[in-house]
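Encoded as structure tokens, the structure appears first; notes follow it.
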Amino acid sequence: MAESELIHLAADISFLHTDYLWRMPGSWIGYPYYGTSEFYEDIARIADRGVMDMLFFGDTGGTPEDFGGSHEAVVRYGAKWPRHDMTPMIPIMSKAAPGVGFALTMSTTYQHPFHCARVFNGLDHVTRGRIAWNAVTSAYKNEAANYGFDVMMDHDERYLRAQEFLKVACALWDSVEPDVLILDRENGIYADPGKVHRIDFRGKYFNVRGPLPALPSPQHRPVIIQAGLSGPGLSLAASYAELQFSTRRTPATMKQHRAALDAKLAEVNRKPRDVGILWSVRVQVADSASEAQEKERRYLEAIPPQAGLVEMSAQFNVDFSKAKSGMRLADFAEQVKAEKGNYGSFEELLKTVDPKQTVEEFGRRFLVDRVLVASGTPKEIVDKLETLHYESGANGGFILARGFSALDNIREFVDFVVPELQRRGLSKKKYSGPTLRENLNN
Ligand SMILES: Cc1cc2nc3c(=O)[nH]c(=O)nc-3n(C[C@H](O)[C@H](O)[C@H](O)COP(=O)(O)O)c2cc1C
């Protein structure tokens, strides 16, 4: 995907309304809270000003009950709750900002490929070619229960279904040829039936006749993102994705991830540059390193002590309210594996945190430490991003994630960090084309 070595820039705006960020100074001031579009339109304008590639909405359609066996804590603290469907926000944001792209999450475990192909075709038309699909297999119990599963589908089976889902969705996007429209007013010929094809797909999970009853969209199909970290996850990404998200936290594990993905790509005759990786990073901009630390301290203070454990429970499908004093993260490894939580991310934490830290101590820092951190002055931040980018193969870029509140944090990033990136020739000064795919490629 990313043919150039430029740093591509995205922001995860899934949790701006929750995760204690609403308590931060500079967050939501002067905007109606969550339900209306003005806030999101302004974020899109700011991202556009920074020539950022993409704004991302993650999604899980559930209310986690993993901590203490009920939704009590997640609702009390606003931990990933509430979760609106953000699809309707995208056309409005795309109207407000002509350059930035948008990524939306849809589950291959709970949705149907025909519905998915249709929705993303519509979004690609209305954004004029600026839509991406984060194809997820959904690892959360309460979400499974909302879609009628008493027991969550097994991890590897979810990926088998996802392989078939992607195959069908792509066949549907290919089912109508680009030059189908004739619009011959004189002879009353609307379109060429020879350019519209049934797909007649019969598989293990889906039977879909096709064709998609739609005109091909500007990008033909959305930019496909797949953030799987496991073997089957990386295989799915290697077959279909143009971008991956990753939460690796050290140059060594970043390199390992890149190498694992490249090996999977080689198996399906694709090359490393066909799939870029956006590394999750928390950016804390300040006038000095000590001021950045003070900002982080204020954010940590805004997080209730139990909140990290609540978040960890939702992520890993394990009840951390049962953690006894002195227990370590490693004590929960078997349980996370057995509960089919996000074991890939958990393993990364095991490799990278101080093994002597107790779960309580770790929980406190979970929301700030989970991903890479670039903190300090714009120069210090860009030094770090530049080093990480080249050490990990200069093939993708960064997605701002975790602990970043809007509007202030995204504005600070665009006003102070992006100019330094641009000055060093590391990021784009203008959009290279009208579609998201063109921008990611250049
Ligand atoms: C940055 C990032 C964003 C993600 N967003 C979502 C999401 O919105 N919804 C979801 O169900 N999973 C999401 N995931 C989880 C991944 O799709 C994937 O399940 C996870 O990384 C574990 O890998 P595995 O499925 O191969 O075990 C995200 C992962 C990362 C790293």
Side-chain angles (χ1 to χ4, degrees), residues 8 10-16 18-19 54-64 66 80 83-87 102-111 116 132-144 146-147 149 152-163 165-166 224-241 243-249 253-254 257 260-261 264 275-282 311 314-317 336-349 367 370-372 396-404:
H8 293 282
D12 179 347
I13 56 172
S14 316
F15 302 115
L16 300 178
T18 64
D19 291 18
M54 195 172 78
L55 294 170
F56 162 62
F57 286 116
D59 191 50
T60 52
T63 306
D66 310 271
K80 315 251 168 309
R83 221 74 220 226
H84 291 196
D85 177 357
M86 300 310 277
T87 318
F102 303 91
L104 185 73
T105 299
M106 190 179 278
S107 171
T108 56
T109 302
Y110 305 126
Q111 304 301 335
C116 172
W133 168 32
N134 179 33
V136 298
T137 56
S138 306
Y140 306 101
K141 281 188 209 157
N142 179 273
E143 185 175 20
N146 285 340
Y147 287 102
F149 290 83
M152 195 160 59
M153 196 186 292
D154 181 66
H155 177 273
D156 290 5
E157 173 148 29
R158 291 203 302 272
Y159 275 103
L160 287 177
R161 182 182 152 111
Q163 287 277 359
F165 190 115
L166 267 292
I224 295 174
I225 306 167
Q226 214 295 317
L229 300 176
S230 61
L234 285 170
S235 292
L236 183 70
S239 303
Y240 292 101
L243 260 188
Q244 268 220 308
F245 293 141
S246 175
T247 47
R248 299 306 191 208
R249 303 170 72 222
T253 55
M254 290 166 85
H257 182 155
L261 178 61
K264 293 277 186 190
V275 186
I277 300 179
L278 295 182
W279 309 100
S280 288
V281 64
R282 181 170 69 82
E311 159 93 9
Q315 274 296 315
F316 303 121
N317 284 341
V336 173
K337 214 174 198 172
E339 291 297 329
K340 307 178 185 96
N342 279 311
Y343 189 67
S345 317
F346 192 81
E347 236 182 348
E348 173 73 357
L349 292 173
L367 290 159
R370 239 188 95 192
V371 296
L372 290 166
F398 296 95
I399 176 161
L400 305 184
R402 300 282 144 187
F404 106 97

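Count residues from 1 along the sequence. Read the numbers this way: they start at 1 and go in the same order the structure lists the ligands and their atoms.
Side-chain contact of Gln111 with Tyr147: a donor-acceptor pair under 3.5 Å is present, judged by distance alone.
Within the 4.5 Å cutoff, the side chain of Leu243 has heavy atoms near those of the Met54 side chain. Inter-residue side-chain proximity for Ile399 and Phe245 is flagged as met; some heavy-atom pair is nearer than 4.5 Å. The shortest side-chain heavy-atom distance between Thr60 and Lys80 does not fall under the 4.5 Å cut-off.
Taking a heavy-atom cut-off of under 4.0 Å, ligand 1 is surrounded by Phe56, Gly58, Asp59, Thr60, Thr105, Asn134, Val136, Ser138, Tyr140, His155, Tyr159, Ala227, Gly228, Leu229, Ser230, Gly233, Phe245, Thr247, Ser280, Asn342.
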Trace of the side-chain contact (heavy atoms from CB on, under 4.5 Å) decision for Trp133 with Leu166:
CA-CA 11 Å; Trp133 168 32; Leu166 267 292; 3.6 Å; yes
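Looking at Ser280, its side chain never comes within 3.5 Å of a backbone N or O of Thr247 through a donor-acceptor pair.
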